[in-house]
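Data block below; observations after.
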Amino acid sequence: SFLSKVAQKYDAREAGSRPQSAASGLPSSVSFIKRTLEEEDDSPSKKLVDHQSVKVASHYNNLQEVGLAARSRSRIFFMRNFNNWLKSVLIGEILEEVRATGARHVSVLDLGCGKGGDLLKWRRGGISHLVCADIAAVSVEQCQSRYDDMKRRSHGNERIYSANFITADCSKEVLSEKLDDAELMYDICSCQFVYHYSFESEQKANMMLRNACERLKPGGFFIGTTPDAFELVKRLEASDSLSFGNEVFTVSFKSKGSYPLYGCQYHFSLEDVVNVPEFLVYFPLLEHMAKRYNMRLVLKQRFSEFFREKVKKEQHRSLMMKMMALEPFPSDDGGHQATDGTEYCHAKEHCSRAGVRQPVVGLLTGRGLGLVLVLVLILILV
Ligand SMILES: C[S@@+](CC[C@H](N)C(=O)[O-])C[C@H]1O[C@@H](n2cnc3c(N)ncnc32)[C@H](O)[C@@H]1O
């Protein structure tokens, strides 16, 4: 079983049900532990609580907006495109679900909106209102000016959703108190690559969840993407050191073997984009916490599973090509696709097996980062 006795007791006591077990394939020596309240109060992460939020906010505030040309030269260009494709499909499908219930005016909360990478996706989805919230003030400003540009460029030919921009630490502040419209309820809360920052402490994780769920309409959806804690721990346990990764990303922990349910910090760096402390989200606990908000889990899938399922649909496949979510192999310059190591040798092997003379293969890249390490989540308010 994946859980240690301690975590099983925690689940049984807190969830009032059978201990949750997961086919994680982790060694039995690995445990996710619930610290006592005293330990949690004394924990180093608790003392650093504000410090960590400041780090996250200033990291994202200082990220420079680079142009398309620079982005396309980046080694994670295709991975970013893949993530955007995945979010487009997720957003498109959830909007279909919402509309199937007869909703005509769709309101959305983008929790941790960043610089507004999803603004266009919501435009394509024809929503009526969007609330964008983020802890990083500079990101929120950039998000707002992207929205203003989008509106200006449409020259009034298309009805673009109204929007509200809020700078707030959503793991500490009650977002609804900052809304322009005090009565606003959402059909969807979208929380993309954000929720794990709040797992620093129980209070923070709860506040983030409260902000995500308390304004959802009955039948409303929470959609999110977050790193897969089981997979991160599996990789760490398999590593000889306290870190793992490749030339594009690194994940480093301070210790291994035992993992607190909250405040289990690791450092994640991804070339030129992310270099911040993050926290493991112990999934059975998140699912249990969400039940307090009457949220029921609809789907939890790895990116790889999501991809395999969605790519069967022609419409998603053609969007994937349009968004350049696959890396061509061999690449035009060929320079960075070394096939002597582990990174691209599977592609080379595939080509030789298939006997293709001029092999051009579409690869899912990011060197394994996105595909295996991240989860797609959908929850519904029942
Ligand atoms: C990886 S970025 C994702 C941005 C966007 N959701 C996307 O998919 O492009 C993570 C975002 O979470 C935001 N964030 C982290 N902690 C937060 C908090 N406590 N409250 C609000 N936003 C937070 C960061 O500022 C950053 O913009």
Side-chain angles (χ1 to χ4, degrees), residues 1-12 14-15 19-36 39-40 43-46 48 52 56 79 193-202 204-205 208 224-246 248-270 274-290 297 299-306 342 366-377:
S1 158
F2 160 67
L3 296 169
S4 73
K5 284 192 177 109
V6 185
Q8 285 187 3
K9 263 191 220 148
Y10 173 80
D11 280 337
E14 295 286 312
Q20 304 225 24
S21 62
S24 67
L26 289 175
S28 57
S29 56
V30 172
S31 57
F32 275 75
I33 52 163
K34 167 87 175 122
R35 288 195 284 228
T36 63
E39 278 171 327
E40 206 133 273
S43 72
S45 69
K46 184 74 191 292
L48 293 175
Q52 299 296 10
V56 171
M79 189 195 80
F193 306 105
V194 178
Y195 192 72
H196 47 292
Y197 293 107
S198 75
F199 244 68
E200 185 179 358
S201 69
E202 189 163 0
K204 283 190 158 202
M208 191 67 117
T225 40
T226 197
D228 181 349
F230 292 162
E231 190 60 38
L232 290 175
V233 169
K234 204 191 278 182
R235 298 276 181 112
L236 175 66
E237 292 290 328
S239 147
D240 293 337
S241 66
L242 288 176
S243 61
F244 60 88
N246 52 34
V248 171
F249 81 94
T250 316
V251 174
S252 341
F253 283 75
K254 287 183 182 142
S255 63
K256 56 182 176 178
S258 166
Y259 303 88
L261 294 179
Y262 297 102
C264 188
Q265 187 180 318
Y266 60 92
H267 195 92
F268 176 54
S269 61
L270 173 64
V274 188
N275 189 14
V276 275
E278 300 189 349
F279 300 90
L280 286 187
V281 177
Y282 176 60
F283 192 76
L285 179 55
L286 172 61
E287 197 184 345
H288 162 61
M289 286 162 65
L297 182 67
L299 175 123
K300 173 175 76 100
Q301 253 181 353
R302 286 175 160 206
F303 269 29
S304 50
E305 293 163 341
F306 187 89
T342 54
R367 277 83 167 187
L369 169 64
L371 273 185
V372 290
L373 293 182
V374 195
L375 292 175
V376 182
L377 308 172

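Note that the coordinates shown come from a computational prediction; the quantities given were computed from them, not determined experimentally.
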Is it the case that the side chain of [X] and the backbone of [Y] share a donor-acceptor pair, with hydrogens and angles ignored and the cut-off at 3.5 Å?
X	Y	answer
Glu202	Tyr262	no
Glu305	Arg302	yes
Lys256	Val233	no

Residues in ring-ring contact (aromatic ring centres under 6.0 Å, His included) contact with Tyr195, at least two apart in sequence or another chain
Phe199
Suppose we screen for ring-ring contact (aromatic ring centres under 6.0 Å, His included). Which residues come up paired with Phe253, at least two apart in sequence or across chains?
Tyr266
Any chance you could measure [X], atom [atom1], to [Y], atom [atom2], to the nearest 0.5 Å?
X	Y	atom1	atom2	answer
Lys234	Ser239	NZ	OG	15.0 Å
Leu261	Tyr259	CG	OH	13.0 Å
Phe279	Glu200	CZ	CD	4.0 Å
Thr250	Phe268	OG1	CZ	8.5 Å

Which atom names give the shortest non-hydrogen contact between [X] and [Y], and what distance separates them?
X	Y	result
Glu237	Gly257	OE2-N, 3.0 Å
Pro277	Val56	O-CG2, 4.2 Å
Ser269	Asn275	CB-OD1, 3.7 Å
Ser243	Leu236	N-CD1, 4.1 Å

Will you find, in the side chains of Tyr197 and Glu278, an N or O donor that is under 3.5 Å from an N or O acceptor?
yes
For residues His267 and Ser252, is any side-chain donor paired with an opposing acceptor at under 3.5 Å?
no
Exactly one candidate in Leu297, Thr226, Asp228 meets side-chain contact (heavy atoms from CB on, under 4.5 Å) with Phe283; the answer is Leu297
